[in-house]
Enquirer: 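Quick one: the structure is below, and I'll ask about it shortly.
Throughout, residue positions are numbered sequentially from 1 according to the sequence presented. All heavy atoms count here, side chains included; hydrogens, waters and symmetry mates do not. Everything quoted here is computed from the prediction, not taken from an experiment.
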Amino acid sequence: TSNTELLITMRKYDDHQDFITLEDLPHDAIFKIDNGFIFKKVEKLRKRYKCLRLDNKRMYLVSPMIKVVPVEI
């Protein structure tokens, strides 16, 4: 969703908040997304986070509202 603030507000009223978003994770956290890729949260830019994909060492811009699963390495 391009309007992040609206999505954040709408999720406050969601009954099933049994997930974590990228925004909830601390700096340098390792996380996995739905497709199985594993990333490291690097830095916040204006609206998105710069994240390092660990298998190919490339940087990606990721929405702060993406659902993530923390990973222990």
Side-chain angles (χ1 to χ4, degrees):
T1 303
S2 61
N3 193 340
T4 305
E5 292 177 17
L6 178 61
L7 187 56
I8 291 169
T9 303
M10 291 182 70
R11 284 195 174 165
K12 289 180 185 176
Y13 299 101
D14 191 1
D15 291 337
H16 305 290
Q17 284 191 330
D18 56 345
F19 57 86
I20 298 173
T21 63
L22 179 57
E23 187 172 53
D24 298 330
L25 294 179
H27 182 69
D28 288 334
I30 307 294
F31 64 93
K32 181 169 61 168
I33 59 175
D34 285 342
N35 62 9
F37 293 135
I38 298 175
F39 292 87
K40 178 180 180 181
K41 183 177 176 180
V42 177
E43 72 175 299
K44 181 167 181 158
L45 301 177
R46 287 180 178 219
K47 291 188 176 186
R48 297 184 182 268
Y49 285 93
K50 189 185 279 188
C51 298
L52 175 68
R53 192 168 131 190
L54 297 182
D55 65 339
N56 67 6
K57 306 296 185 208
R58 288 187 173 180
M59 295 297 251
Y60 292 84
L61 296 178
V62 182
S63 168
M65 299 311 298
I66 191 170
K67 295 178 185 178
V68 299
V69 177
V71 174
E72 295 290 326
I73 293 183

Enquirer: Indicate the atoms forming the closest heavy-atom contact of Val42 with Leu52, along with that distance.
Expert: CG2-N, 3.8 Å
Enquirer: Taking all heavy atoms of Thr21 and all of Pro64, pick out the closest pair and write down the distance.
Expert: CB-O, 3.5 Å
Enquirer: Consider only side-chain heavy atoms of I, L, V, M, F, W and Y, link residues closer than 4.5 Å, and tell whether Val71 and Leu54 are in one cluster.
Expert: yes
Enquirer: State whether the number of non-hydrogen atoms from other residues, nucleotides or ligands found under 6.0 Å of Lys44 atom NZ is greater than 12.
Expert: yes
Enquirer: If hydrophobic clusters are built from ILVMFWY residues whose side chains come within less than 4.5 Å, do Ile30 and Met59 share one?
Expert: yes
Enquirer: I need the Asp28 CG to Glu43 CD distance, nearest 0.5 Å.
Expert: 10.5 Å
Enquirer: Without swapping roles, check the side chain of Lys41 against the backbone of Leu22 for a donor-acceptor pair under 3.5 Å.
Expert: yes
Enquirer: Please report the interatomic distance CD1(Ile33) to OH(Tyr60), rounded to the nearest 0.5 Å.
Expert: 9.5 Å
Enquirer: Could you walk me through whether Ile38 and Asp55 pass the side chain to side chain contact (heavy atoms under 4.5 Å, CB included) test, one step at a time?
Expert: CA-CA 7 Å; Ile38 298 175; Asp55 65 339; over 6 Å; no
Enquirer: Hydrophobic clustering (ILVMFWY, side-chain heavy atoms < 4.5 Å, transitive) - are Phe37 and Phe31 grouped together?
Expert: yes
Enquirer: Measure the CE-OH distance between Met65 and Tyr49 for me, rounded to the nearest 0.5 Å.
Expert: 10.0 Å
Enquirer: Nearest 0.5 Å please: distance from the NZ atom of Lys67 over to the NZ atom of Lys32.
Expert: 15.5 Å
Enquirer: Who pairs with Asn35 by side chain to side chain donor-acceptor pair (under 3.5 Å), at least two apart in sequence or on another chain?
Expert: none
Enquirer: According to a 4.5 Å side-chain heavy-atom criterion applied to Ile, Leu, Val, Met, Phe, Trp and Tyr, with indirect links allowed, do Val62 and Val69 form part of one hydrophobic cluster?
Expert: no
